[in-house]
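So the structure is just underneath, and the comments pick up after that.
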Amino acid sequence: VKILVINAGSSSVKYTVIESDTNESVLTGAVSDIGQPGSVADHVEAFAKVLDSVGDVSAIAGVGHRVVHGGERFVQPVVITTEVENHISTLSALAPLHNPANLAGIRAARAVLPGIPQVAVFDTAFHSTLGPQAHTMAIPQELAKPLGIRKYGFHGTSHGYVSRIASEMLGGNPTEHRVITLHLGNGSSVAAVKGGVCIDTSMGFTPLAGLVMGTRPGDVDPSVITHLLRTTELSLDDVDDLLNTGSGLLALAGTHDFREVTSRALAGDASASLALDVWAWRIHHYIGAYTALLGGLDALVFTGGIGENSAVGRTMATADLTFMGIDLDDVANAVVSSEPRVISSPGTSVTVMVIPTNEELEIARQSAQVLTRAR
Ligand code: AMP
């Protein structure tokens, strides 16, 4: 059977048709320039274009939607009902940039393909296994609880997918595997996975926390924000913008594009060098912290646009960690490939891997599972 995977974002709708028996992607594309990201009418228009290129829909057994925020309730993929839609809508308060567009995509798909079941797969779900010591924020709980303030984590579909493949590549008993997954792209996050179960991750209440990203700073002392509000002319919305779109590599190096940052650094640009140093230092923090939380480390996995493609980025992210058993084989690291591969030196205790992520495939796999169960 075929699953149509829909990633309805704020500026585009990406789609992939996956043959779920063979895991093959048979068609992929995107419709850009959505008028109003939260508008169902605009998404219906986009979805009609998606169906134009899909052609015959009779073999489509279900539509799998990427939904960014599942809150505390959605810890598994679910078949979408009106009640599920309404709950995703309430969660828009926690993900104002993403959930409204995801929801408009769902409503459009249902309007255009009324007879075909729709499944929601949540970016937060893989992190729902975090214990209270990992997800509780140490602020007054009478404020936090009713507002749903806690760590949720994101990129879960990617971390789940690559950690599962890493476990297969490691062999042996998967319940014993201690794996750190680094999803490094425009948005970046890291997860600590023990026996296939996520125990911590670097993004938090929103996708702002953790690693230094293309345009987001990752972890900052919260009082920087109150200080900016108190001492500058910046409004709350300005600061929100600054943290989401004006920080990270862009703020330090003048570009959010990692390729550009590394080439400028190589050409002697001091601010680009500093940006890379700050970026790599933060990754070192998390590798150390998560190795402690996992009680040791068996595999370190790179994925995402930077993790999959930048040998320089991987070298910087793991520099001087030989004492922890992390050591790259320079020849293997330099290989350009779209296949999962090992890049650590033979004989080191930590297997370092590059595993290209495939969120569409994972959404299709999970959607097919849910639909089989529902049948
Ligand atoms: P993503 O958000 O996962 O698509 O990743 C985007 C990031 O990956 C951008 O910063 C790109 O510069 C970076 N990237 C993509 N391809 C390469 C490459 N071949 N070498 C270095 N960085 C790359």
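Since this is a predicted model, take the numbers as computed values, not measurements. First listed ligand is number 1; within each ligand, the first listed atom is number 1. Because only heavy atoms are used, hydrogens play no part in the values below, and waters and symmetry mates are left out as well, while side chains stay in.
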With sequence neighbours left out, the residues meeting side chain to side chain donor-acceptor pair (under 3.5 Å) with D56 are S58
Under 6.0 Å from the six-membered ring centre of Y286 and within 45° of its axis: does the NZ or CZ of R282 meet both? no
Contact residues of ligand 1 with a heavy-atom cut-off of under 4.0 Å? G185, N186, H256, D257, F258, R259, G304, G305, I306, N309, S310
Decide if the gap between the ring center of H135 and the ring center of H127 is smaller than 6.0 angstrom. no
With sequence neighbours left out, write down each residue that passes side-chain contact (heavy atoms from CB on, under 4.5 Å) with L208, or none if nothing qualifies. T206, R216, P217, L243, N244
So, using side chain to side chain donor-acceptor pair (under 3.5 Å) as the criterion, who are the partners of D327 when residues are at least two apart? S345
Could you tell me whether K151 atom NZ has more than 12 heavy atoms of other residues or ligands within 6.0 Å of it? yes
